[in-house]
Amino acid sequence: MSSHAHVVGWGKYVPQRVLKNGELSELVDTSDEWIRTRTGIRERHLAEDGETTASMAFQAARQALEVAQLSPAQVDLIIVATATPDHLFPSTACLVQDMIGATRAAAFDLSAGCTGFIYGLSVAANMLSSGAYQTALVIGAETLSSITDWTDRSTCVLFGDGAGAVVIQMGENKGGVLAATLGSDGSGGDILWLPAGGSRMPTSQQTIDQRLHFIHMKGREVFRFAVKVIHEATCEVLQKAGYALSDLTLLIPHQANQRIIEAAARSLNLPLEMVYSNVEWYGNTSAASIPIALSEAVEKGRIQTGDLVVCVGFGAGLTWGAVAIRWTRPHSVPVSLSRRALRRLHYSLARFRSRLRRLLRGLFVIWIKNGWNGDQRRHE
Ligand code: ACO
């Protein structure tokens with residue numbers, strides 16, 4: 001992969017409404033203590049009336065464009081990774097395209113479960129590297145509350161809603177998206193799935209009665225699979241990029257469960273400080289979790305220019321994947337640098353002007369004195 005697709009903007013959105021563990025224990029037979037010790041989750045945000053995957057994606061995208069200082073008309077491509085689109089069709093990406101007014105953009109949705117954002121970033125970086133496009137918006141957005149069975153304690157404690165977005169753009173500097181690795185194993189499809197509502201099991205009274213329009217999951221199997229693929233995908237993507245684990249600055253894993261994050265850190269022999277986690281405050285937001293975490297990590301100063309970051313995901317499909325990013329600016333004269341240089345030039349010029357003024361004043365005084373003395377000597 002060409003290494004010139006850079007992340008130039010980022011943004012995140014979570015709904016205002018917060019559901020704490022204590023409130024969940026009023027819905028199902030669970031407790032704050034059980035949820036925290038088994039998952040690390042304290043609270044999650046849930047979409048309010050009128051909020052949808054597209055509306056949350058729009059908020060995150062708008063923020064990412066603001067950071068990138070780009071107008072919607074400059075966006076060539078929009079990819080929305082989601083398992084909870086507003087509709088089967090039209091795509092959520094088209095809804096976002098219209099909401100932001102990205103009149104020149106191609107737009108499509110991508111379905112790879114919780115790995116969706118990693119798939120989207122990899123696809124977008126390759127489409128940019130091919131020369132076909134200059135600027136892409138990659139969004140992960142989910143309204144998981146709409147497919148959560150609020151009577152099933154084994155799943156309803158895990159999920160939250162939200163959206164995260166990045167803008168990637170081609171630039172001449174080396175760095176940006178260095179490498180990606182993607183994987184799938186469809187034989188594990190029924191470990192994590194939403195059985196009904198598609199062409200295989202269209203919606204009927206029976207599917208509704210059997211609660212088949214909600215997430216069904218074999219938790220322990222997902223757990224084992226997750227720890228294994230986080231390890232493998234992280235090592236593989238670093239190797240592809242030509243780096244070792246010791247070169248890594250920050251690992252951003254899919255935020256499904258704090259125990260998965262800690263087990264993966266142990267298996268990779270990474271200190272926990274090098275593995276970003278915010279699952280405590282958002283729960284598992286599926287395809288939105290990595291871009292939300294990435295945006296938050298940048299906002300908190302956990303990612304600086306020059307850092308090597310790996311984002312790694314796993315999810316329904318089964319799917320998994322990782323992307324290695326060198327956090328760089330696309331162009332060699334970054335805006336802030338040129339601003340700093342201009343400021344320095346301004347001060348140097350001001351200093352030079354004041355020295356010149358002093359010098360001229362001095363020369364003038366000498367000339368006056370000499371002229372006066374010369375006149376006096378002539379008179380004598
Ligand atoms: N509150 C209280 N008890 C519960 C709850 C709950 N919310 N949920 C399950 N239990 C009970 C079970 O009924 C079971 O009781 P039993 O022993 O009497 O049968 C007991 O707790 C243990 O259940 P397990 O499922 O074995 O619990 P486990 O320690 O495996 O934790 C969990 C379950 C948290 C789901 C864990 O397996 C896990 O995190 N798996 C990973 C799955 C995941 O993160 N999925 C997210 C979506 S997938 C994705 O993002 C790709």
Side-chain angles (χ1 to χ4, degrees), residues 19-44 81-84 110-119 140-162 164 182-186 188-195 214-233 252-265 267 277-280 282-293 311-322:
L19 183 70
K20 292 183 186 294
N21 290 346
E23 295 167 75
L24 270 167
S25 62
E26 290 162 19
L27 288 179
V28 288
D29 181 15
T30 190
S31 66
D32 174 49
E33 204 265 333
W34 193 96
I35 301 170
R36 272 193 295 108
T37 51
R38 299 291 178 115
T39 70
I41 301 166
R42 278 176 195 274
E43 58 186 46
R44 67 288 292 145
T82 185
T84 49
L110 192 152
S111 167
C114 306
T115 325
F117 178 78
I118 300 293
Y119 267 68
E142 301 281 10
T143 316
L144 292 173
S145 58
S146 67
I147 56 164
T148 296
D149 184 347
W150 293 104
T151 65
D152 174 12
R153 70 174 181 176
S154 68
T155 53
C156 75
V157 300
L158 303 173
F159 302 108
D161 300 333
L182 303 175
S184 69
D185 177 9
D190 65 347
I191 291 177
L192 184 57
W193 69 321
L194 195 142
F214 296 120
I215 300 168
H216 288 241
M217 180 185 76
K218 295 176 184 158
R220 280 193 181 173
E221 288 175 52
V222 177
F223 198 108
R224 276 195 294 275
F225 153 72
V227 177
K228 179 172 165 286
V229 295
I230 290 178
H231 181 112
E232 289 172 0
I252 301 184
H254 167 47
Q255 308 286 309
N257 182 319
Q258 184 60 23
R259 280 163 58 216
I260 293 178
I261 293 171
E262 288 175 11
S267 121
S277 171
N278 62 12
V279 68
E280 194 176 353
Y282 304 116
N284 177 351
T285 57
S286 191
S289 94
I290 292 174
I292 288 176
C311 297
V312 59
F314 55 91
L318 298 171
T319 56
W320 61 91

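The figures here come from the full heavy-atom set of this structure, side chains too, leaving out hydrogens, waters and symmetry mates. Order of listing sets the numbers, starting from 1, for every ligand and every atom in it.
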*Asks:* Considering only residues two or more places apart or on different chains, which pairs with a residue in residues 220-231 satisfy salt bridge (Lys or Arg N to Asp or Glu O under 4.0 Å)?
*Replies:* Lys228-Glu232

*Asks:* With a 4.0 Å cut-off on N to O distance, would you call Asp32 and Lys20 a salt bridge?
*Replies:* no

*Asks:* Tell me every residue that passes side-chain hydrogen bond (donor to acceptor under 3.5 Å, both in side chains) with Thr148, counting only those two or more places apart in sequence or in another chain.
*Replies:* none

*Asks:* Hydrogens and angles aside, do Gln255 and Thr285 bring a side-chain donor and acceptor to less than 3.5 Å of each other?
*Replies:* no

*Asks:* So which pairs with a foot in residues 141-161 pass salt bridge (Lys or Arg N to Asp or Glu O under 4.0 Å), sequence neighbours left out?
*Replies:* Asp29-Arg153, Asp149-Arg211

*Asks:* If only atom types and distance count, is the side chain of Arg259 paired as donor or acceptor with the main-chain N or O of Arg38 below 3.5 Å?
*Replies:* yes

*Asks:* Write down, by chain and number, every protein residue that brings a non-hydrogen atom to less than 4.0 Å from an atom of ligand 1.
*Replies:* Asp29, Thr30, Trp34, Arg38, Thr39, Cys114, Arg153, Ser154, Val157, Phe159, Leu192, Met217, Gly219, Arg220, Val222, Phe223, His254, Ala256, Asn257, Arg259, Ile260, Asn284, Phe314, Gly315

